[in-house]
Amino acid sequence: MKVLVVGGGGREHAIVDALTRSGRIDTIYCAPGNAGIAAQAECVPIRETEVEALRDFALEHNVTLTVVGPEAALAAGIVDCFRAAGLRIFGPTKAAARIESSKEFAKELMAKYGIPTAGFRAFTAYEEARDYVASRPLPAVLKYDGLAAGKGVVIAQTMEGADAALRDMLLDDKFGYGKVVVEDWLEGPEFSFMCFVDRRRVYPMALAQDHKRAYDGDEGPNTGGMGAYSPLPFVTGEDERYALERIMQPVADAMCAEGCPFTGVLYGGLMKTRDGIKVIEFNARFGDPETEVVLPRLKSDIVEIFSAVADGWELEHPLEWHDFSTVGVVLASKGYPGNYAKGVVIEGLDEVDGAVYHMGTASKEGRIVTAGGRVAIVVCAAPTLGEALEKCNREVGKVRCDNLFHRTDIGRKAIK
């Protein structure tokens with residue numbers, strides 16, 4: 001088989017790494033890839049949203065299967081484009097990807113089909129949204145309706161903060177087209193439940209928890225994710241069954257009923273509240289950085305899974321998972337998620353005893369340099385979560401770069 005992976009971050013590096021563990025692959029391409037992925041796949045200089053160019057590449061190189069990582073490619077209709085050309089591809093159509101690309105679509109779907117989530121209202125007018133937020137108790141959860149690279153959610157503790165966020169989303173076009181969803185505040189630990197979905201067939205993955213805040217103790221601004229771990233001690237087997245039977249499976253069924261059946265990875269961002277498990281958000285693809293700690297635990301052949309979903313046939317066996325724990329710690333450029341420098345040399349990556357998935361790196365004169373806000377993630381496995389965190393923090397210390405920072409407490413609350 002020849003497989004094309006679309007994307008160039010840590011998630012795609014973890015997918016490429018999982019593909020290399022299969023005996024069915026002859027060639028792996030990655031577009032555009034990065035400096036770390038280049039060690040395991042042939043990188044192709046085509047951006048993830050250039051769907052026609054990617055289609056032409058797949059046709060020219062007789063690609064057997066394409067796996068899509070980023071949400072931007074899905075929202076651009078890459079799956080529709082490839083299928084129209086007779087190409088096999090793993091991912092949802094543009095219509096199905098609306099479950100991520102439009103917060104309003106997702107909330108209305110959940111309301112219609114009785115899927116547990118927070119109450120909400122959607123606004124396009126700044127004054128109406130401001131008046132609505134002012135009439136309700138704080139904090140307020142404000143979500144930009146479209147794609148915002150994981151940064152389009154603001155939890156406003158004050159009316160001043162809410163007003164600033166609403167201006168960004170509805171007046172200043174910070175993210176693009178202006179529409180905002182205002183949700184009721186929910187409280188409890190969040191977790192990520194990813195499932196392989198083939199229309200009505202839902203195959204659950206191991207659970208993970210992301211850490212969005214930039215600094216230890218969940219302080220600082222929201223980021224695209226500063227680390228993750230798996231499994232989750234605070235989620236019981238009963239919780240997991242509820243999430244599968246009352247949330248993930250009903251959503252898959254609802255998408256079929258709405259005429260936009262979902263195929264690919266359905267990501268449920270869930271919260272364990274006092275009133276039960278509720279949906280915070282859905283994504284239409286693998287999470288990042290959750291993928292980097294979940295796929296190393298997958299025993300089953302991922303090529304078989306991708307092929308089954310792409311071709312619409314049922315898996316013969318349930319997914320199998322390793323029973324060890326994994327912790328991933330992100331190394332980010334100083335200044336992230338704000339402004340940061342690029343081109344700073346990184347040393348010691350090859351000394352790490354664990355997986356290193358590159359997120360934002362480049363190669364310059366034979367050396368690895370920073371090329372993004374989140375630069376790399378170090379992932380370590382151990383029999384227990386505590387041992388995995390201890391090992392990961394130790395291994396992260398081997399990476400040398402003057403312009404990187406990281407958290408040291410990934411998973412620590414769960415250990416306690």
Side-chain angles (χ1 to χ4, degrees), residues 92 96-97 99-100 103 105-120 141 143 150 153 183-212 225 228-258 261-291 293-295 297-298 300 305 309 315 318-323 325-326 385 411 413-414:
I99 200 161
E100 175 173 9
K103 299 292 188 295
F105 172 83
K107 296 295 287 189
E108 289 180 346
L109 184 84
M110 286 185 274
K112 180 176 179 178
Y113 290 92
I115 293 161
T117 188
F120 76 102
V141 180
K143 294 183 177 180
V153 178
E183 292 188 8
D184 295 342
W185 164 256
L186 298 177
E187 193 168 4
E190 294 185 40
F191 63 98
S192 304
F193 192 8
M194 297 186 291
C195 296
F196 295 107
V197 175
D198 173 21
R199 299 166 181 84
R200 296 185 185 275
R201 288 190 283 261
V202 179
Y203 307 104
M205 297 189 219
L207 302 178
Q209 187 183 57
D210 181 16
H211 290 58
K212 286 290 187 187
Y229 68 96
S230 178
L232 309 183
F234 66 88
V235 179
T236 67
E238 183 179 352
D239 292 334
E240 192 168 353
R241 282 191 298 274
Y242 178 90
L244 179 62
E245 295 169 5
R246 285 283 290 112
I247 295 173
M248 305 306 287
Q249 183 66 58
V251 168
D253 293 339
M255 295 293 280
C256 290
E258 292 295 307
F262 192 96
T263 59
V265 172
L266 181 63
Y267 169 114
L270 311 181
M271 178 179 283
K272 187 173 179 177
T273 75
R274 294 178 182 177
D275 300 321
I277 295 171
K278 297 191 177 184
V279 178
I280 300 299
E281 66 175 352
F282 283 113
N283 292 331
R285 37 73 190 179
F286 281 109
D288 188 0
E290 295 94 333
T291 302
V293 297
V294 169
L295 288 190
R297 298 189 60 213
L298 180 63
S300 303
I305 301 166
V309 173
L315 284 173
L319 301 188
E320 293 187 275
W321 300 91
H322 294 288
D323 60 4
S325 298
T326 49
L385 190 58
K413 285 184 180 178

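- When all heavy atoms of Ala414 and Pro233 are compared, the closest pair comes out as CB-CD, 3.8 Å.
- Shortest non-hydrogen contact noted between Gly268 and Phe282 is CA-CD2, 3.9 Å.
- Looking at heavy atoms from C-beta onward, Tyr229 lies out of side-chain contact with Thr326 at the 4.5 angstrom threshold.
- Interatomic distance, Leu319 CG to Arg297 CZ, rounded to the nearest 0.5 Å: 12.0 Å.
- Lys103 has no carboxylate O lying under 4.0 Å from a charged side-chain N of Glu183, or vice versa, which leaves the two without a salt bridge.
- A search for side-chain hydrogen bond (donor to acceptor under 3.5 Å, both in side chains) contacts involving Thr273 returns nothing, not counting sequence neighbours.
- Among residues two or more places apart in sequence or in another chain, the side-chain contact (heavy atoms from CB on, under 4.5 Å) test is passed with Arg201 by Asp198, Tyr203, Glu314.
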Assess whether side-chain contact (heavy atoms from CB on, under 4.5 Å) is satisfied between Thr291 and Met194, documenting all intermediate values. CA-CA 9 Å; Thr291 302; Met194 297 186 291; 4.2 Å; yes
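- Under the side chain to side chain contact (heavy atoms under 4.5 Å, CB included) test applied with Ser230, the options Val293, Leu207, Leu385 reduce to a single match, Val293.
- In this view, Glu281 satisfies the salt bridge (Lys or Arg N to Asp or Glu O under 4.0 Å) rule with no residue, not counting sequence neighbours.
- Shown here for Ala284 and Ala97, the closest heavy-atom pair between the two residues is CB-CA, 3.9 Å.
- Here the CG-CG distance, from Asp275 to Leu186, works out to 8.5 Å after rounding to the nearest 0.5 Å.
- Ala243 pairs by the side-chain contact (heavy atoms from CB on, under 4.5 Å) definition with Phe193, Leu270, not counting sequence neighbours.
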Give the table of side-chain donor-acceptor pairs shorter than 3.5 Å for residues 244-252, with sequence neighbours excluded, one pair per line with atom names and distance.
residue : atom : partner : partner atom : Å
Gln249  : NE2  : Arg200  : O            : 2.8
Gln249  : NE2  : Asp253  : OD1          : 3.1

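- Interatomic distance, Thr117 OG1 to Ile280 CD1, rounded to the nearest 0.5 Å: 6.5 Å.
- Identified under the salt bridge (charged side-chain N to carboxylate O under 4.0 Å, His left out) test for residues 232-242, with sequence neighbours left out: Asp239-Lys272.
- Glu108 CD to Met110 CE: the interatomic distance, rounded to the nearest 0.5 Å, is 10.5 Å.
- Closest non-hydrogen pair, Glu190 versus Phe234, comes out as O-CZ, 3.8 Å.
- Contact of the Phe120 side chain with the Lys143 side chain is not registered, since no non-hydrogen atoms from C-beta on lie closer than 4.5 Å.
- A search for side-chain hydrogen bond (donor to acceptor under 3.5 Å, both in side chains) contacts involving Asp184 returns Arg136, not counting sequence neighbours.
- Under the salt bridge (charged side-chain N to carboxylate O under 4.0 Å, His left out) criterion, no residue pair touches residues 228-237, with sequence neighbours excluded.
- For Ser192, the side-chain hydrogen bond (donor to acceptor under 3.5 Å, both in side chains) criterion is met by Tyr267, Glu290, not counting sequence neighbours.
- Every residue two or more places apart in sequence or in another chain that forms a side-chain hydrogen bond (donor to acceptor under 3.5 Å, both in side chains) with Asp210 is listed here: Lys212.
- You'll find the side chain of Phe286 reaches within 4.5 Å of the side chain of Leu295, heavy atoms only.
- Among all heavy-atom pairs drawn from Tyr113 and Ala257, the shortest one is OH-CB, 3.5 Å.
- To the nearest 0.5 Å, the span separating CE on Met255 from CD1 on Ile99 amounts to 4.5 Å.
- Checked against side-chain contact (heavy atoms from CB on, under 4.5 Å), Glu320 has the following partners two or more places apart in sequence or in another chain: Lys299, Ser300.
- Separating the CD1 atom in Ile277 from the CE atom in Met271 is a distance of 11.5 Å, to the nearest 0.5 Å.
- Using a 4.5 Å cut-off on side-chain heavy atoms (C-beta onward), Gln209 and Val235 make no contact.
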